[in-house]
Amino acid sequence: MNNLIVSLIFDNIMNLLKIKGANNYKIIAYEKASRLIRDLEIDVAELIKEDRLTEISGIGEGLAENIKEIVETGTCQDYNDLAKEYPPTLISLLKVSGVGVSKVKQFYSEIGIKDLESLKEEAQSGALSQLSGIGPKTEQKILESVDKLLSEKNKLDLGEAAGLAYQLKDYIKGFKEVDSIEVVGGIRRREEIIDEIDLVIVTNDFEKTIKSLEKLPIISDVARLDDEIILADTKLGIGIKIFETGNSLFWQKVFWSTGSKEYNQKLKEIINDEIEDKIIGTFEDEQEIFKFIGLPYIIPELRDDLESIDRAKNHNLPSSIELKNIKGDLHMHSRWSDGRYTIEEMAQACQQKGYEYMAICDHTQALTVANGLTPDRLKAQWEEIDKLNETLDITILKGAEVDILEDRLDYDDDILAQLDIVIASVHSGFNNSREKIMGRIMMALENPHVHILAHPTGRLVLGRGAYNIDFERLVHKAIETNTILEINASPKRLDLSHQQVKLAHQLGAKFIINTDAHKVKQLNNMEFGVGVARKGWLEKDDVINTLRVDELKEFLAR
DNA sequence: GCCGTTTTCGGCCCGACTGTTTTCAGTCG
């Protein structure tokens, strides 16, 4: 539980150092350390105990001292000093689109703007465009972005929220007085944006549990709402709601706190009073509750889609795809472009997951910022893949994530024809007109060598809207050209969304679930992609990376 | 702030493109 708070404070230090205008390498050092600590498999407290912090490359004496201080006290002097100089609320301004360090400094020093609220006021009054370098267009753009950020305040994407929730679950599980705990609510339903972490616990000492929670550095405040509910605030902004219940009612509580409000209302309509009165016995699991009320089991992912209740009544629910059905991951990067691990390291990790196959799809030459591969470097990469295929117990496919440029793909057809798998995607011109961006995507879909359209809409969860696309037209073209639509499993993308998956599925599209991993750890994001597929009513056969390796090869050779 | 030494300092370093503004800050994977 310590890693998250260390990472958070280092992020804050990094941002305040940027605003202060500190040495860039110092900033990079904090940024890197924050990432290292966040991705660490074990708790930093363990490393401190064994005096091994500085064994991590990137953590020196100075950072190690700060880490120790944070683990002991929840903060560190370096951060406190910076926070005295610059209000930490300034960091939120850096997220505003069109605003960087220099504008934050300008806003703060010239008109005292120190948070999103005051920036909104000044932009609304027109005071912003009076400053040098800011015109009415920038002011308007800032205002729009600030409104969006304010509406997203204290919300996290599914990946961050679930990461925190799982850590909390593990931590609370260790309390002696706690018998059972489960993550429920939006995280269990696999909502893409989470505004509250919901947990159900069975504890025989409510007060003691609250006291233990208060000790956690990531938690800023714990309060008791009533006999059954604990509310807590976190330093990540998101709130936590903990439902306390007795042992005999644990699964009922899990059941009722998983569905959305509207969903539970509709469910109650079909559960008559007589049955409801009887749902007080002890159940072994949720399956038993569904059996008791006379419905087939409805997966948590569908418990905000009212249609699933009607379909359940008619015994017409899908046989939803499961994580264990996934046989391989076909979109990941290596050090050849902007990934952080070698092909061998990625392959070993995929092997450990029990995958039969994987594909390395590094970026192509136009994406210079991501060290995209020229055809010559691509061919050199093939030699490495050939060698690994001889020794490893997993099939590595040769692929590329080819950039969809203005009027062509980033590799010629003769190169594309030699690849096992071709993924096409847009990484430029996000603001193209509908006509232009659709023309580019249509061109890619029509290319016979392209198997997959990756992150088809370009949206970022809590970050950026989709390109200006005509989604149904895109789907129809994908079906016509036998191109697979990607469900990008990165919780920052979840692109397609579950609503789009449901629609495209109805239209007849086929899908693939890929992680787009740039690091070994991101291969774990597959569960979030599968969540989108389940929310989108998909079954195993709708998703091509559930095929066995020989079936997949046959499919790709088409 | 970290690292690696020709061991106590010097090197580390995305960069082309966009858009609004009038010279440069912000953006992208």
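These numbers come from a predicted model, not from an experiment. By convention in this document, chain letters (A, B, ...) are assigned in the order of the sequence lines, proteins followed by strands, and residues within each chain are numbered from 1.
- In this model, no donor atom of one side chain and acceptor atom of the other lie less than 3.5 Å apart for E446(A) and T481(A).
- At the heavy-atom level, I59(A) lies under 4.0 Å from the strands shown only through sugar-phosphate atoms.
- With sequence neighbours excluded, no residue forms a salt bridge (charged side-chain N to carboxylate O under 4.0 Å, His left out) with E384(A).
- The C1' atoms of dT7(B) and dC2(B) are separated by 15 Å, rounded to the nearest whole Å.
- Not counting sequence neighbours, the partners of H427(A) by the ring pair (Phe, Tyr, Trp, His ring centres under 6.0 Å) test are H363(A), H455(A).
- Each of G135(A) and V96(A) was matched to the nucleotide of DNA chain B holding its nearest heavy atom; the match closer to the 5' end belongs to G135(A).
- When the nearest nucleotides of DNA chain B are assigned to G133(A) and G98(A) by heavy-atom distance, the more 5′-ward of the two goes with G133(A).
- The stretch residues 420-439 of chain A touches DNA chain B through H427(A), F430(A), each having a heavy atom under 4.0 angstrom from the strand.
- The salt bridge (charged side-chain N to carboxylate O under 4.0 Å, His left out) contacts involving residues 91-114 of chain A comprise nothing, where partners must be two or more places apart or lie in separate chains.
- Classification of dT8(B) as syn follows from a glycosidic angle within 90° of 0.
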Show me the side-chain donor-acceptor pairs of residues 141-148 of chain A shorter than 3.5 Å, one per line, residues at least two apart or across chains.
residue, atom, partner, partner atom, Å
S145(A), OG, S97(A), N, 2.9
D147(A), OD1, K120(A), NZ, 2.8
K148(A), NZ, E152(A), OE2, 3.0

Original post:
For I415(A) and L378(A), what are the C-alpha separation, side-chain angles and deciding distance, and is it a side chain to side chain contact (heavy atoms under 4.5 Å, CB included)?
Top reply: CA-CA 9 Å; I415(A) 302 284; L378(A) 181 72; 3.6 Å; yes
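- For the C1' atoms, the distance linking dT20(B) with dA25(B) amounts to 10 Å, nearest Å.
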Report, one pair per line, the protein and nucleotides 12-14 of chain B atoms (nitrogen or oxygen only) whose separation is under 3.5 Å.
residue, atom, partner, partner atom, Å
dC13(B), O4', Y25(A), OH, 3.4
dC13(B), N1, Y25(A), OH, 3.3
dC13(B), O2, Y25(A), OH, 2.2
dC13(B), N3, Y25(A), OH, 3.2

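- Figure legend. dT8(B) is base-paired to no nucleotide; pairs are counted as Watson-Crick or G-U wobble with both atom distances under 3.5 Å.
- Nucleotides dT21(B) and dT27(B) place their P atoms 15 Å apart, quoted to the nearest Å.
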